[in-house]
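Only one structure is covered here, and it is reproduced in the block below.
Within every chain, numbering begins at 1; the chains are lettered A, B, ... in the order of the sequence lines, protein sequences first and strands thereafter.
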Amino acid sequence: MSKKLIFITLGTFIATLVIVYFAFIKEYEPHQPIAFSHKIHAGVNNIPCTYCHSYVAKSSQPGIPSVQQCMGCHTYVNAKYDSNDPKRIYEYNGEQIDPNNYLYDGRKRIVFENEIKKLTGYWDRKEPIVWVNYHYVAQHAKFPHKPHIRYGLECTTCHGDVQNIDQPRPIRKMQMGWCISCHEEKLDANFKKFAKEHPAINELSDVDKRIMSYTGRIPADKLYKNYDHELGDKHSAHDEKLKLININQEVAWLKDCGTCHY
Amino acid sequence: MKNEDKKSKTGTLNRRDFLKALSAIGGAAVISSGCTPEPLDKLVSYAVPPDDVIPGIANYYTSVIPCSPVGTPVIVRVREGRAIKVEGNPLDPVTSGSTSAEDQATLQTLYDPDRVKQPLFRNNRDNLTAITYVAAVDILVENLKNKPKNAYIITNNTTATTDKLFNELAEKIGAKRIKYEPFSYENIKHANKLTYGKNLLPTYHIDKADYLLSIGADFLETWLSPSEYSKRFTKMHEFDGDKKSFFCQVEPKMTMTGSMADEWVPVKPFTNLALVLGIINYIKSNKLNKKPIPNVFEDLETYSLSRTSSITGINEESIIKIAKSFVSAPSAMAIGGGYANSSKDDYKTIVAINLLNEITGNSDKLDFDNYLQLSNCSKTSEITDFIDDASKGNVDFVFIYNANPVYSLPKSFNVKKAFEKIKFKVSGSMLDDETSELCDLVIPDLHAFEKWGDYEGKVGNYYIMQPVMKPLYKGSSIEQTLLNSLNRITDSEDEKISSYYAYLRNEWKKFNLGDSPFPIFWNKIVKDGGIYNNNQKYSSLSFNGDLKIKSSTFKSNTDKLNLYITPSYKFYDGRSSNNSWLQELPDLLTTAVWDSWVEINSKLAEKLDIKEGDFLEIESDGKTIVTQAYLTPAIRPDTISISMGQGHTKMGRYAQNRGVNPIDLLSTDLDSESGGLDLSSAQVTIKKTGNWEKFVKVQHSFSQENRDMVQVIPMEKLLHDDHHDDHHGEHHKEYDMYREYDYFIHKWGMTVDLDKCTGCGSCVVSCYAENNIPVVGKEQVANGRHMAWLTLERFQEEINDELNGTTRIDMRILPQMCQHCENAPCEPVCPVFATYHNPEGINLMVYSRCVGTRYCSNNCSYKVRRFNWFSYQWPEPLNLQLNPDVTVRAKGVMEKCNFCFHKIGIAKDKAKDEKRKMNYEEISTITACQTACGCGAIEFGDLNDPNAKVTKLSKDKRAYSLLGELNTRPTVTYLKKIRREQI
């Protein structure tokens, strides 16, 4: 093969990659209808996440605020500033924020007033805002927000440092390995706590231990030698078994396929 | 070399190099396509959020379905403003929370893709064209203002405020009002008028009877109020530890109700009068009566056993057995069917049945205080009078609402021609049916779930029809349209109420008898679903002893066959036919789908050389229909039977051009006394057309092949014998190589009481609605690709009835879903672990993992796994019904019952929020099949809880596992059917 051909081939290869990148992948940078800044809301103005995403502790979906809810504040907050007024510029974390000339997401300059005008436009037309969703879990996995909030997870654990980013990107790819790593940590912690209360666990074989830490459950007869299935409920080990259940009931679900995929 | 130089100079590529470069582009495209993120979804915010909607959480609203003849109060589950599931309202004393298959399927009527989307108008006798609602009301008002001469207003069984508005309009324009229901039971009403002076349809307290004799009443399917009678029947027929009532069904062809009978007696069609009189005569001559016998039937003595036997075709001994059992039972009851007793003068049968109840002291179970509003329907003779009038060209104006006489009256009436002669015809129907098609103006009504309204099923039970979602299409309810037009044609100066909601509230003020202000009262009843009449007391009756009736003559035996038309428990008279769930719900007795068939006795068919699937031409008086033959021993050899509901020429994609309408065979004969249609008027001949096609049914063999899947235990054995001697359905522990499993928290399990299941199919449709099960259509069912997760398997054993010389079948129904085996055969064969056992004992499917090898289905002992051969489509707007909690499965994925896994999650989540354990109410409403079952045959719960009902039932004497000898250890337990041979 001649040198030229290699050049052509490589050239086309790279050119295609570049074209595809600009044509499709770059699109991943979502172009929202309004340059909404999480940093200004959650950071500068210190609004709690649940003020707008109000269903997060009630429902599987966090909820996106309605236009009406936005207007609840923005009827009064219109960011009208005289461009010559130096007082309009304020400081946040050492950064000068100018409502009339704000570098949004490090890529474009916006004027707050104009963005709020877009919002009032939607409100006047009573038109829903169509945002671009780029923070999603694949459709074949069911991710409910509610139990995670109930457990006490912070929003920032998955969504990143929202207070300091205009347009937060997923801090990690929201894929199964990432979900599982967290669940495994919890399983491990549970197992250690469990082992403290049930010293019998230390006499288990390594394989059984691994099965247990992995699945969060173990047949009662393995843990308690005197546990007899035939005797069932009447047996003294039954109480111990119940104890096992109480400690472990969260755990069994953590790595069960059906928890997220059904 | 020279060549190559030349090439590089000119810069051209040869073919080979070009391909190399091309492959580089391809490679780059493949690499980059792998990196391209999934297409971005849109997140749409509300502009103004609804008050009570939290995305992701279901809301529940009460409402009522007015479709079936008595109406079913329901609780509708709504997700993000879309009704997705219907459940019965347990507060209602009539249905007590049960729903029929038809009720469950009403969602598909709501989202019917063939609904009339906006008003239509026929200008200058052209085709119907779409107009705006305002223009439509203008046209209607203009026509009403002209004071049309000889106007008619025809509706179905409208009640309460809707009825009041129709009456008001009729009064205003001087129109005649007809409430037309194809089954309005004129014979029963007329007989009750004669015997008790009450022209009403009473409540029959069959639950109080120890012996129930049903003369053709299909009370589990369509008769009067099937949801109610299913409940009452279960109460009567269930085994309560030491006693179980006896049920005898007399009918020419086995129906679903007949399949539940302890004794099934095939009678010659429309000779029921002779049978009842024969029984009365036997009681009289043997002095078995408890009360004096009034001399109602002058020729009673002529009904000797031998004559009765020759007329009815029932053996004398059988008649004696029925008579003796009826008299000896502590509390017996006889009921008579509507269409089974609708030949000419057949009201006399009901009179005779009333007499039989009276002389044996059993008329105390007839309750005329709680009568059905259906009693107020017009006689069929009134609508035929209208048709006479119209065909003479005398009718100027007709308003027709939810009635479809063009379809449901025999063709011999020429309803279509009569309709065409009417000057102006308005239809208020939601569906473009045969009658709407002929109308000049169609103002479509809204579905009951989209409008305010009310409904009175049984007298005193007023249900509120509450809109549970915004209307799918722009428009107004029929009540609003009526109110608008009434306001515009009334000249009075009084203040007019312009909104129907305000009008309705105004009407309901009369019910507020307490001290609470009306808004509080209103909120309470809307929450409850209505006002219920819980008063079960009723007054005793006095029999009109002065009544004198002469029994009728019976048709002599001819070589022609009797035609026995049965209403369908799925489509009723055909009003629910454009419903894909109901079309795909296999008929219980034939398991046929999507079509009509004619039932023929197998012996007769053998004689005539007819095979299953042969197209037969059925002819009566020059009128013919052609349909496929279905062979069964459970029909008399002198009778053929066709079910109603199919044979629409218009209505929508699922109904039209499918099957036949047997009503077309009837003549214009009416019963002159009661005014009902004579269903016995067709004597038919059958002829093979020579065409054959595979008869599409879900189940191909009804034989159990000695596997004893549906087990039966004789009553005597159950009472006196604790010992089990059959080995089917037992787990062989000695051959089991698997260890016991532990379920630490819950072990979900189910029991199905085969003695209670009537096979109504409500659970099947409920499962379709809950789990987004696709409808596959007739062709795919023929290929064995039916997708139902829960099927009613049906087995039969032929029993030669030596008494009557006929063959009858012992029908056994098996509701079969995934058995959730502990040693599931499907699990180890899956190469990708897509199916596995979860820690709570449920055999789950991980759809996203499934690669579609179908090994699991091959290895399943119960054949309950369903494979998605295609990506099935839901034509818009049927897709709006899809349950967002359940994955819509794509092509190439296996699926099956998962015990409504998503609902377990929801119930658990709620309990966790409130830091408590799940209670019985929550657990018992998890599975869609259990909530839908009106008979209480299905019980779901936690087998780890020793006090749970399901645990107790699974250890019952009657409990067995399906094919338990395979050691699959199913979590679903069946309770044996109880057989009673003697009373």
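- Residues A/H261 and B/R849 are not in side-chain contact: their nearest non-hydrogen atoms beyond the backbone lie 4.5 Å or more apart.
- Contact annotation for A/P62: neither backbone nor side-chain heavy atoms come within less than 4.5 Å of a heavy atom of chain B.
- Proximity to chain A is limited to the backbone of B/D885, based on heavy atoms less than 4.5 angstrom apart.
- Considering all non-hydrogen atoms of both residues, B/V44 and A/P128 come closest at CG1-CB, 3.6 Å.
- Your options are A/C260, A/P147, A/S66, and the one with the most heavy-atom pairs under 4.5 Å with chain B is A/S66.
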If you apply the rule side-chain contact (heavy atoms from CB on, under 4.5 Å), what do you find for A/D256 with B/E840, and how did you get there? CA-CA 10 Å; A/D256 187 49; B/E840 302 192 348; over 6 Å; no
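- The part of B/V53 that comes within reach of chain A is its backbone (N, CA, C, O), which places non-hydrogen atoms under 4.5 angstrom from that chain.
- Only the side chain of B/K908 comes within contact range of chain A, judged by heavy atoms closer than 4.5 Å.
- Between the side chain of A/S59 and the main chain of B/P55, a donor-acceptor pair closer than 3.5 Å is present.
- Distance CD1/B/I54 to OG/A/S54: 8.0 Å, rounded to 0.5 Å.
- Surrounding NZ of B/K891 are at most 12 heavy atoms belonging to other residues, nucleotides or ligands under 6.0 Å away.
- Surrounding CE of A/M176 are at most 12 heavy atoms belonging to other residues, nucleotides or ligands under 6.0 Å away.
- For B/K474, the NZ atom counts as loosely surrounded, since its 6.0 Å shell holds 12 or fewer non-hydrogen atoms of other residues, nucleotides or ligands.
- Distance CD1/A/I129 to OG/B/S45: 4.5 Å, rounded to 0.5 Å.
- In this structure a side-chain-to-backbone donor-acceptor pair under 3.5 Å is present from B/T887 to A/Y262.
- For the pair A/Q69 and B/P49, the minimum side-chain heavy-atom distance is 4.5 Å or more.
- Taking chain B as the reference chain and counting heavy-atom pairs below 4.5 Å, the highest number among A/K126, A/Q61, A/K142 is found for A/Q61.
- Other residues, nucleotides and ligands contribute more than 12 heavy atoms inside 6.0 Å of the OH atom of B/Y60.
- The two residues B/L43 and A/N133 have their closest heavy-atom pair at CG-CB, 3.5 Å.
- Interface remark: B/I57 contributes backbone and side-chain atoms alike to the contact with chain A (heavy atom separation under 4.5 Å).
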